[in-house]
Amino acid sequence: PIAELQTGPDSSVDQTASDDSARWANLTWQIEDGNCHKSFHRLDGLAGQWQTGNWSVTFGRQAISWGSGIVFQPLDLFSPFSPTVVDRDYKPGEDLLLVDRLLSNGSDLQLLHIVRRDTNSNDVRGDVSGDVASTALRWHGFAGALELEAVGAQHFDEQVLGFTLRVPVGQALVRTDLLATRLQDGQWRLSGVVNASKGFTLDIRQAGYRPATTPNQRPNKTTNTMSFHCKTGTKRVDIPTIPTPAAHPTQTNPHHTKT
């Protein structure tokens with residue numbers, strides 16, 4: 001049999017959060033629930049931050065993304081997008097505590113803890129449990145032209161080690177994620193991804209355009225330029241304004257006498 005493609009808040013195609021049953025705080029208020037529709041109000045981001053010197057502490061609901069994946073994201077462990085999701089401009093936040101320390105050499109350390117509820121418990125919303133929580137330590141730094149990340153985490157009941165490398169190659173940027181996961185049976189699984197991106201400019205030129213002229217005006221040869229700049233899905237079009245022809249020169253009335 002052919003499996004039907006599921007759609008809706010709980011499917012991997014839509015992946016829109018519609019409740020907070022697995023989150024620490026309940027910030028969803030249902031307005032209306034019908035047979036074919038649902039209306040609700042939900043806060044996806046609500047966080048406070050305290051900063052002093054090279055330290056920063058964030059507490060609340062905030063979206064977090066680690067790694068360099070585009071479609072497949074091995075290191076985006078905590079609230080990853082499904083590969084089937086098309087619209088990635090919106091990402092639900094997680095209830096977390098994030099401590100950030102900026103080091104003197106320009107690198108930084110992050111300590112992250114995400115609180116979740118166990119939806120398999122007898123409680124309607126689930127009990128807060130460390131078995132479904134995530135705790136991670138991340139280092140981010142530079143070595144010449146290289147950008148590096150190293151991650152160690154306890155994610156649910158699995159231990160995770162990850163590494164990210166970003167390196168410029170010519171005018172392109174090559175990024176790679178490598179993830180090692182220790183499963184419940186003690187075995188290790190390795191996964192990774194490599195991607196590259198490059199921006200380019202395409203110029204289309206049309207020469208020989210001549211605006212309308214008058215008998216007393218010398219024609220000007222004008223070149224129109226249309227440029228397209230494409231990079232990571234964005235496009236910019238610049239079309240310069242065509243100069244307006246000069247007005248007719250003023251003619252002197254020979255019958256007019258200056259007094």
Side-chain angles (χ1 to χ4, degrees), residues 3 5-6 10-15 17 22-23 62-88 90-101 103 105-120 129-198 232-233:
L5 182 64
Q6 296 181 355
D10 299 329
S11 70
S12 60
V13 177
D14 189 354
Q15 205 176 5
R23 287 174 172 80
Q62 178 175 295
I64 185 166
S65 298
W66 287 359
S68 301
I70 298 178
V71 177
F72 299 96
Q73 303 139 334
L75 284 185
D76 194 5
L77 301 170
F78 312 111
S79 55
F81 285 115
S82 170
T84 58
V85 173
V86 178
D87 185 7
R88 303 190 177 210
Y90 161 80
K91 189 175 190 180
E94 298 288 339
D95 295 340
L96 55 81
L97 174 66
L98 178 64
V99 181
D100 198 335
R101 172 74 163 100
L103 305 180
N105 59 357
S107 59
D108 62 276
L109 282 173
Q110 288 185 339
L111 177 62
L112 171 69
H113 182 70
I114 298 178
V115 183
R116 298 188 183 92
R117 294 181 179 271
D118 187 359
T119 56
N120 295 324
S129 174
D131 295 336
V132 294
S134 297
T135 303
L137 180 65
R138 172 180 176 262
W139 172 83
H140 170 255
F142 299 88
L146 304 180
E147 185 177 0
L148 308 171
E149 289 183 19
V151 175
Q154 174 72 34
H155 184 50
F156 289 83
D157 54 0
E158 298 176 346
Q159 289 81 42
V160 174
L161 296 175
F163 178 76
T164 294
L165 172 66
R166 304 181 186 95
V167 54
V169 178
Q171 297 181 351
L173 179 64
V174 178
R175 294 164 290 194
T176 179
D177 287 351
L178 187 64
L179 180 70
T181 304
R182 187 175 185 269
L183 306 178
Q184 294 181 1
D185 56 6
Q187 296 184 358
W188 286 86
R189 294 290 178 86
L190 192 64
S191 59
V193 65
V194 177
N195 59 72
S197 60
K198 181 181 182 298
T232 62

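Just so it is clear, the values below take in all heavy atoms, side chains as well, and ignore hydrogens, waters and symmetry mates. This is a predicted model, so every value here is computed, not measured.
Residues satisfying the side-chain contact (heavy atoms from CB on, under 4.5 Å) test with Asp100, not counting sequence neighbours, are Ser56, Asp108, Gln110. Looking at residues two or more places apart in sequence or on another chain, you find a side-chain contact (heavy atoms from CB on, under 4.5 Å) between Gln171 and Lys198. Looking at residues two or more places apart in sequence or on another chain, you find a side-chain contact (heavy atoms from CB on, under 4.5 Å) between Val160 and Leu77, Ala153, His155, Leu179, Thr181. Under the rule for a side-chain contact (heavy atoms from CB on, under 4.5 Å), the partners of Asp131 that lie at least two apart in sequence or sit in another chain are Ser129.
Between Leu112 and Ile64 the shortest heavy-atom distance is CD2-CD1, 3.5 Å. Closest of all the heavy-atom pairs between Phe163 and Leu75 is O-CD1, 3.8 Å. Minimum interatomic distance between Arg23 and Gly93 (heavy atoms only, all atoms of both residues): NE-O, 3.0 Å. Closest of all the heavy-atom pairs between Ser191 and Pro74 is OG-CB, 4.2 Å. The two residues Phe81 and Lys91 come nearest to each other via the heavy atoms CZ-CB, 3.7 Å.
In this structure, Leu97 CG and Gln62 CD are separated by 11.0 Å, a value rounded to the nearest 0.5 Å. The CG atom of Leu109 lies 6.0 Å from the CG atom of Leu137; values are rounded to the nearest 0.5 Å. Taking CG of Leu165 as the start and CG of Leu148 as the end, the distance is 6.0 Å to the nearest 0.5 Å. Expressed to the nearest 0.5 Å, how far CG of Leu111 lies from OG1 of Thr135 amounts to 7.5 Å.
A donor atom on one side chain and an acceptor atom on the other are found under 3.5 Å apart for Gln154 and Gln159.
Residue pairs meeting the salt bridge (charged side-chain N to carboxylate O under 4.0 Å, His left out) criterion with at least one member in residues 141-153, sequence neighbours excluded, are Arg138-Glu149, Glu147-Arg166, Glu149-Arg166. Counting only residues at least two apart or in different chains, salt bridge (charged side-chain N to carboxylate O under 4.0 Å, His left out) contacts with residues 167-177 are absent.
Proximity of a side-chain donor or acceptor of Asn195 to a complementary backbone N or O of Ser68 within less than 3.5 Å is detected.
Within the 4.5 Å cutoff, no side-chain heavy atoms of Trp66 are placed close to those of Thr164.
Annotation: Phe78, atom CZ; neighbour count of heavy atoms from other residues, nucleotides and ligands within 6.0 Å is above 12.
The only option from Arg116, His113, Glu158 that meets the side-chain hydrogen bond (donor to acceptor under 3.5 Å, both in side chains) definition with Ser134 turns out to be Arg116.
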